[in-house]
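This structure is a prediction, so every number in the text was calculated from the model and none was measured.
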Amino acid sequence: MSNDTVRGAKPPFSYPVKVGHISANPVTVHLEADERERAGLATLWQVVSVKELSSDLQVTRWKKDGVRLKGQVKARIVQACVVTLEPVESTIVEEVEQIFVPEGSKLARIVASGESAEMVLDPEGPDLPELFSGDTIDAGQTVAEFAALSINPYPRKAGIEFSDRIESDGSQPEDKPNPFSVLKDWPAKQ
């Protein structure tokens, strides 16, 4: 659960899904952030702008009372280059698979206690189930979280390298004076 939800603030990109309306047959849902939502995400993610955020998800029941979201997130963002501060556009394409279980369910108790006897987890598969309370999950917030996790924290414009600092490889002597050179004749002066 994100900090925004804990504090009661509405996340910038939200798409509530009523759990009671979800069936065993997958339903495909297309989500797309509007201009206001993209501006809110840019502030939250600390990027210059979010040009696009969309997702196609299949929403289905999981086990008896859980929900599974599976699909793909696509985003285009603009960040500042860490070297030149010029705008750098990035494209994010990320697979999404998240399972939600209600807080009071048997599966939630297994997740909370860390037991794994009844639940087999695939390291390549989805993360542990997320807990939800009430009768609603937020598919939009999940999409935004998956996109945020794929943002490059150190974007660089193509062809730009850090060049102001050159590390010595030890092959050439340093031009700086050695502070201990004054001590080289010290035993001879006594």
Side-chain angles (χ1 to χ4, degrees), residues 1-47 49-78 90-151 153:
M1 189 180 294
S2 80
N3 291 335
D4 289 334
T5 304
V6 171
R7 288 190 295 255
K10 185 179 182 222
F13 185 57
S14 181
Y15 185 84
V17 175
K18 292 278 188 193
V19 174
H21 298 155
I22 299 170
S23 71
N25 298 325
V27 174
T28 300
V29 177
H30 177 76
L31 307 180
E32 193 158 340
D34 63 23
E35 186 176 339
R36 180 189 56 78
E37 292 166 329
R38 291 191 315 266
L41 288 168
T43 301
L44 177 67
W45 295 344
Q46 299 179 352
V47 298
S49 68
V50 177
K51 293 188 168 202
E52 174 191 351
L53 175 66
S54 65
S55 181
D56 289 304
L57 299 173
Q58 286 191 332
V59 182
T60 187
R61 277 267 179 227
W62 185 77
K63 305 238 181 226
K64 182 182 173 195
D65 52 2
V67 176
R68 171 184 265 156
L69 299 179
K70 187 174 183 174
Q72 190 176 68
V73 174
K74 295 178 184 173
R76 283 187 313 125
I77 62 171
V78 176
S90 304
T91 300
I92 296 170
V93 178
E94 187 68 33
E95 296 301 315
V96 174
E97 186 170 0
Q98 184 63 59
I99 295 169
F100 296 87
V101 294
E103 287 180 335
S105 78
K106 180 179 173 184
L107 291 171
R109 288 189 296 275
I110 293 170
V111 171
S113 69
E115 295 175 30
S116 61
E118 295 185 37
M119 189 181 309
V120 177
L121 297 176
D122 177 6
E124 300 298 319
D127 294 335
L128 281 173
E130 289 281 325
L131 302 179
F132 71 91
S133 60
D135 64 345
T136 307
I137 62 168
D138 193 337
Q141 188 172 0
T142 300
V143 164
E145 288 172 358
F146 271 84
L149 289 171
S150 298
I151 294 175

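Side chain of S49 to backbone of K51: no donor-acceptor contact under 3.5 angstrom is found. A donor-acceptor distance shorter than 3.5 angstrom exists from the side chain of T60 to the backbone of A24, with no hydrogens or angles considered.
The shortest distance between side-chain heavy atoms of F100 and L69 falls below 4.5 Å. Here the side chains of I137 and V19 are in contact, with some heavy-atom distance below 4.5 Å. At a threshold of 4.5 Å between non-hydrogen side-chain atoms, the residues L53 and V73 count as touching. A 4.5 Å side-chain heavy-atom check between F146 and I92 finds every atom pair outside the cut-off.
Summarising the geometry of A139 relative to V17, their closest heavy-atom pair is CB-CG2, 4.0 Å, with the distance given to 0.1 Å. Of all the heavy atoms in Q141 and P11, the pair that sits closest is OE1-CG, 3.7 Å. The two residues P12 and G40 come nearest to each other via the heavy atoms CB-C, 3.7 Å. Nearest heavy atom pair, residue G71 against residue E95, reads O-OE1, 3.3 Å. Heavy-atom minimum distance, E103 versus S133: OE1-CB, 3.4 Å. Taking each heavy atom of W45 and A148 in turn, the nearest pair found is NE1-CB, 3.3 Å.
Checked by atom type, the side-chain pair S150/E94 shows a donor-acceptor distance below 3.5 Å.
One finds the CD atom of E145 at 9.5 Å from the CG atom of L44 (value rounded to the nearest 0.5 Å). Separation of atoms CD1 (I77) and CZ (R38) is listed at 13.5 Å; rounding is to 0.5 Å. A distance of 4.0 Å separates CG of D135 from NZ of K18, quoted to the nearest 0.5 Å. Between D138 atom CG and E130 atom CD the span is 11.5 Å, to the nearest 0.5 Å. Atom CG of L31 is separated from atom OG of S55 by 5.5 Å, given to the nearest 0.5 angstrom. Between the CZ atom of R36 and the CG atom of L41 there is a distance of 10.0 Å, given to the nearest 0.5 Å.
Evaluation of the side chain to side chain contact (heavy atoms under 4.5 Å, CB included) rule for S54 yields H30, E32, E52, K74 as partners, not counting sequence neighbours.
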Audit row: W62, V101, side chain to side chain contact (heavy atoms under 4.5 Å, CB included) steps and yes/no = CA-CA 8 Å; W62 185 77; V101 294; 3.9 Å; yes
Go through Y15 and V143 one step at a time and tell me if the side chain to side chain contact (heavy atoms under 4.5 Å, CB included) criterion holds.
-> CA-CA 9 Å; Y15 185 84; V143 164; over 6 Å; no
